[in-house]
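Report on the following structure.
Residues: numbered from 1 along the sequence shown. When a ligand or atom number is given, it counts from 1 through the structure's own listing order.
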Amino acid sequence: MAKILVVDDAPDLRDNVVVLLKLDKHVVDEAERATDALAFLGQGEYDLLVLDWELPDMSGVDLCRQYRADGGTGGVLIVSGRSSAVDKSDALDAGADDYVTKPYSVRELRSRVNALLRRTSGAATSRRTEQTLQKLPVASYSGQTLSDRYLIHEMLGKGGMGVVYRAEHVHLKRVVAVKVLNKNNVIDDRDVRRFKSEAQITSRLSHPALVQVYDFGFTDDDSPFIVMEYLQGKTLAEILRDAGRVYYPTAISICITLCEALAHAHENKLVHRDIKPSNVMISGSPQQPTVKLLDLGLSKLLMPSPETEELTIRGEIFGSPLYMSPEQWLTRPVDERSDMYSMGCLLYEILTGEVPFKGSGFMDTGFKHMNEFPRLLREICPEANIPGPLEELTLKLLAKNPDHRVQTMTELKNLLLYIPLPKDSRA
Ligand SMILES: Nc1ncnc2c1ncn2[C@@H]1O[C@H](COP(=O)(O)OP(=O)(O)OP(=O)(O)O)[C@@H](O)[C@H]1O
Ligand SMILES: [Mg+2]
């Protein structure tokens with residue numbers, strides 16, 4: 001495991017290199033501009049720098065020259081479309097150790113990186129390799145530093161997919177939450193690759209009501225982890241445990257925020273797949289709650305490659321049974337309308353305190369989702385005075401056939417905005 005900095009202003013090319021290097025278990029930082037790269041270099045030494053020649057603020061070759069002038073001893077590989085002998089010798093004279101011309105094959109880049117690391121591997125690298133060999137305890141990562149930068153503190157909670165810890169970025173001194181996923185969900189290189197590309201897509205999204213994903217990596221014992229914004233507050237599941245249910249104007253306001261977050265995710269072609277009360281964090285005052293949706297697309301991160309059709313072979317279902325759409329139960333392809341169904345389950349539960357479908361066991365719950373109609377909300381809790389249009393809307397979200405549900409989150413938001421509210425609850 002080496003520490004590598006990749007500097008390229010073309011996001012696609014940079015991503016390719018980063019994924020490739022992370023696949024080989026290296027710790028990778030990435031920068032778009034030379035000035036950002038210099039900021040990274042100011043924080044610590046790297047084993048290798050992979051530098052694009054054409055950068056917006058300074059050429060990769062000048063960056064290399066400056067790195068050497070500042071006493072940098074790591075390896076430097078220049079990646080460039082320039083193929084003349086003069087350019088290559090300019091780069092090497094500036095202090096680069098090797099040069100690869102675009103378009104390059106993945107195999108060539110990997111071999112050059114490995115050759116450079118063999119030559120330049122210093123004490124830092126061998127120390128890290130030794131650490132890799134010492135297997136971490138499976139049960140807890142508290143006290144460990146993951147990827148050389150995330151110092152793990154106490155456990156915050158545990159779910160079906162892994163364990164969440166409070167942690168600290170040791171260089172930036174920022175508090176983060178780290179979710180270490182069960183590694184038995186990831187079985188081969190193809191799954192690892194998929195995990196990485198999905199995690200990258202998720203981390204590119206940014207919305208005030210979506211928990212921000214900052215980074216991802218692998219623990220020394222090969223469990224995937226994601227690093228995200230640390231949130232203080234209570235999940236909707238905890239609120240339901242304490243309060244039973246949520247007053248309907250508050251439920252509407254929470255769902256409107258969730259619709260906005262999910263509309264953003266859906267516009268970016270990401271389906272959440274695991275909407276449920278424990279994935280919604282509420283903080284702030286009851287009058288003006290801040291709502292954040294967690295675990296976007298996370299269950300997909302752990303799915304095996306679709307081309308292998310191993311989903312059914314392994315007999316694994318990714319999602320939470322009480323909130324899974326009929327199409328998820330049938331392991332059919334899902335789209336954003338599956339999220340609509342799970343939103344229906346969530347809305348039903350926070351309004352009434354009961355989930356719409358719960359069987360005596362896993363398969364029985366699935367049968368109900370696929371075949372039964374839920375009880376009317378007004379029958380469960382007449383005293384909640386849930387308006388008729390809100391009940392109708394909730395039941396529509398729970399339609400078995402995706403075509404019969406509300407079709408988009410923006411449409412749902414607009415329908416929720418039309419539900420009459422009691423005078424005392426208007427902002
Ligand atoms: N970003 C975060 N900041 C602070 N606490 C968090 C964060 N993410 C999760 N938690 C806490 O960790 C608990 C466990 O979360 P986790 O996602 O592992 O479980 P879950 O949502 O119940 O199940 P699943 O694995 O299906 O998502 C949450 O209930 C919450 O209290
Ligand atoms: Mg969760």
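By the 4.0 Å N-to-carboxylate-O rule, E229 lies close enough to K292 to be salt-bridged with it. A salt bridge is absent between D339 and R405: the closest approach of a Lys/Arg side-chain nitrogen to an acidic carboxylate oxygen does not fall below 4.0 angstrom. Of the charged side-chain nitrogens involved, at least one lies within less than 4.0 Å of a carboxylate oxygen, so that E372 and K368 count as a salt-bridged pair. Classification of R174 and E168 as a salt-bridged pair fails, no side-chain N sitting under 4.0 Å from a carboxylate O.
When heavy-atom distances to ligand 1 are checked against 4.0 Å, the residues falling inside are L156, G157, K158, G159, G160, M161, G162, V164, A177, K179, M228, E229, Y230, L231, T235, D274, K276, S278, N279, M281, L294, D295, ordered by chain and number.
With sequence neighbours excluded, no residue satisfies ring-ring contact (aromatic ring centres under 6.0 Å, His included) with H26. Shown here are the ring-ring contact (aromatic ring centres under 6.0 Å, His included) partners of H266, two or more places apart in sequence or in another chain: there are none.
In this structure, S147 contributes its side chain and V27 its backbone to no donor-acceptor pair below 3.5 Å. Between the side chain of T394 and the backbone N or O of L390 there is at least one donor-acceptor pair closer than 3.5 Å. Judged purely by atom type and a 3.5 angstrom limit, T365 uses its side chain to pair as donor or acceptor with the backbone of G361.
Within the protein, the N, O or S atoms lying under 2.8 Å from the Mg ion (ligand 2) are N279 OD1, D295 OD2.
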